[in-house]
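Everything on this sheet refers to the single structure shown next.
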Amino acid sequence: MSCPGSRLIIVAFVVVPVSVAATALADPLIERIGIAGNHRVEADAIQLQISSRPGQLVDPTRLRADVHAIWKLGLFDDVRVVTEDLPSGAARVTFEVEERPSIRKVLVAGNRELGLDKINDVLDLKRGVVVDIKAVQRDRDRIAARYLEEGFSLATVDYSLAPAGPGEVDVTFRVDEHAKILVSDVKLVGNRAVSDRTLRGLLATRPPNALAFLNDSGTYRRDALERDLAVVTAHYWDAGYATIKVAPPALELSRDKRRMHVTISIEEGPRFAFGKV
């Protein structure tokens, strides 16, 4: 990475701590500081992160801190610094950067049951912004969560990045929807004071009815089942069962992975009444 008359101070800052190699016995003064390799990021924005100044001695510790500060911008895949001896006896310091690509397109593939409008509602990625893998992963998880809300409990979502031109990539989310899971039946265990009929009337989790094709009833949803457990608990509290315990539901998926059998176990405990106030 160096040429005759140059000295490599810091080499390849990617995802590991930067290494420093001082090749001179005495550190010269900095005469000039330059930026190289930037195309979309303004040089002034990079300069603001640099504490080294012309007139200072070449300090490997300060240069290491400068490289780290530039890296923390999150805009580069690589940051390194090279010093070059000048005829004056001073040194020219150049920070070389390799910019991360920007997003040209965000694509979704494999979605058949869930409309693209519902998926776009949860995406934060925008065209033209620098790729951030953590942001891509967050959007992948948001898509998976939306499918879970819609009853596709077995849906999986993956992503890929493909070069799309100089400094650009396309981000593609690939969905494997699987089929919706329907509620086969809901079994109640341990309830004596409150009838099955009463409790079933409180539950949103239930087998599909004759109008399921219209209202999507009977679809297994984890969030709906969690609300059902809270509703059952509240019903018992209102009836005086202050120590009611509703266990996490036992779930059994059919062999064809299309129906879910749900068992809710209840430990009612004693019924309490108000004493003297």
Side-chain angles (χ1 to χ4, degrees), residues 105-125 133-162 170-191 194-236 244-267:
K105 292 181 180 179
V106 179
L107 307 170
V108 180
N111 61 307
R112 296 178 179 83
E113 298 294 332
L114 196 60
L116 193 58
D117 56 335
K118 292 186 177 181
I119 295 177
N120 285 335
D121 284 344
V122 301
L123 295 181
D124 282 343
L125 294 179
I133 294 300
K134 290 185 178 179
V136 174
Q137 293 171 341
R138 285 195 294 269
D139 273 5
R140 173 201 61 190
D141 295 341
R142 290 189 182 103
I143 296 173
R146 172 53 62 90
Y147 268 95
L148 188 61
E149 292 173 2
E150 297 291 330
F152 293 87
S153 301
L154 299 179
T156 59
V157 184
D158 202 356
Y159 69 88
S160 62
L161 277 65
D170 288 342
V171 180
T172 301
F173 294 101
R174 287 185 168 80
V175 182
D176 187 355
E177 293 179 333
H178 297 287
K180 283 189 177 183
I181 300 175
L182 299 178
V183 177
S184 175
D185 65 314
V186 179
K187 183 179 180 181
L188 298 166
V189 178
N191 57 305
V194 182
S195 67
D196 283 9
R197 181 176 180 179
T198 299
L199 292 179
R200 291 185 193 281
L202 301 173
L203 302 178
T205 302
R206 60 184 65 181
N209 57 33
L211 298 178
F213 67 97
L214 292 177
N215 56 25
D216 210 27
S217 69
T219 301
Y220 169 73
R221 292 187 174 87
R222 186 175 63 186
D223 57 339
L225 181 56
E226 290 174 352
R227 288 194 297 269
D228 286 342
L229 301 182
V231 169
V232 169
T233 300
H235 180 81
Y236 270 95
I244 174 68
K245 294 180 181 178
V246 180
L251 305 175
E252 184 179 348
L253 188 61
S254 63
R255 289 186 178 181
D256 61 4
K257 296 184 178 181
R258 300 182 70 89
R259 291 184 173 274
M260 184 73 76
H261 175 84
V262 181
T263 301
I264 300 176
S265 297
I266 299 170
E267 185 179 332

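Just the heavy atoms: all of them, side chains too, but no hydrogens, waters or symmetry mates, feed the values below.
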| query | Who pairs with Phe173 by ring pair (Phe, Tyr, Trp, His ring centres under 6.0 Å), at least two apart in sequence or on another chain? | reply | none
| said: For the residue pair Ser153 / Arg222, report whether a side-chain donor-acceptor contact shorter than 3.5 Å exists. | reply: no
| query | Which pair of heavy atoms, one from Val232 and one from Leu203, lies closest together, and at what distance? | reply | CG2-CD2, 3.8 Å
Could you tabulate the donor-acceptor pairs under 3.5 Å formed by side-chain atoms of residues 248-255, not counting sequence neighbours?
from: Ser254; atom 1: OG; to: Asp256; atom 2: OD1; distance (Å): 2.5
from: Ser254; atom 1: OG; to: Arg258; atom 2: N; distance (Å): 3.3
from: Ser254; atom 1: OG; to: Arg259; atom 2: N; distance (Å): 3.1
from: Ser254; atom 1: OG; to: Arg259; atom 2: O; distance (Å): 3.3

| field | Side-chain donor/acceptor of Arg221 to backbone N/O of Glu149, under 3.5 Å | value | yes
| query | Mind checking what makes side chain to side chain donor-acceptor pair (under 3.5 Å) contact with Thr156, not counting sequence neighbours? | reply | none
| task | Quick one: pull up CG in Asn120 and CD1 in Ile143 and give me the separation to the nearest 0.5 Å. | result | 8.5 Å
| field | Residues which pass ring pair (Phe, Tyr, Trp, His ring centres under 6.0 Å) with Tyr236, listed by chain and number, not counting sequence neighbours | value | Tyr241
| task | Apply side chain to side chain contact (heavy atoms under 4.5 Å, CB included) to Leu199 and Ile266, showing your working. | result | CA-CA 11 Å; Leu199 292 179; Ile266 299 170; 3.7 Å; yes
| At what distance, to the nearest 0.5 angstrom, does NE2 of His178 lie from CZ of Phe152? | 11.0 Å
| query | How many angstroms lie between CG in Asp176 and CG in Leu154, if you round to the nearest 0.5 Å? | reply | 9.5 Å
| request: Quick one: list whatever passes side chain to side chain contact (heavy atoms under 4.5 Å, CB included) with Asp196, sequence neighbours left out. | output: Leu188, Asn191, Arg200
| query | For Leu125 and Ala135, which heavy atoms make the closest approach, and how far apart are they? | reply | CD2-CB, 3.9 Å
| Sequence-distant partners of Thr263, side chain to side chain donor-acceptor pair (under 3.5 Å), two or more places apart | His261
| task | Kindly say whether Lys105 contributes a backbone atom to a donor-acceptor pair with the side chain of Asp170 at under 3.5 angstrom? | result | yes
| field | Reported CG-to-CG distance for the pair Asp223 and Leu148, which is rounded to 0.5 angstrom | value | 6.5 Å
| Side-chain donor/acceptor of Asp139 to backbone N/O of Asp124, under 3.5 Å | yes
| request: Grab the two heavy atoms, one from Leu116 and one from Asn111, that are nearest each other, plus how far apart they are. | output: N-ND2, 3.9 Å
| field | Shortest non-hydrogen separation from Ser184 to Pro207 and the atoms involved | value | O-CG, 3.5 Å
| task | Quick one: pull up CG in Leu107 and CZ in Arg174 and give me the separation to the nearest 0.5 Å. | result | 8.5 Å
| note | To the nearest 0.5 Å, atom CG of Leu182 lies from atom OG1 of Thr219 at 5.5 Å
| query | Can any side-chain N or O of Glu177 pair as donor or acceptor with the backbone N or O of Glu113 at less than 3.5 Å? | reply | yes
| said: Taking Asp121 first and then Lys118, would you say they form a salt bridge - that is, a charged N and a carboxylate O separated by under 4.0 Å? | reply: no
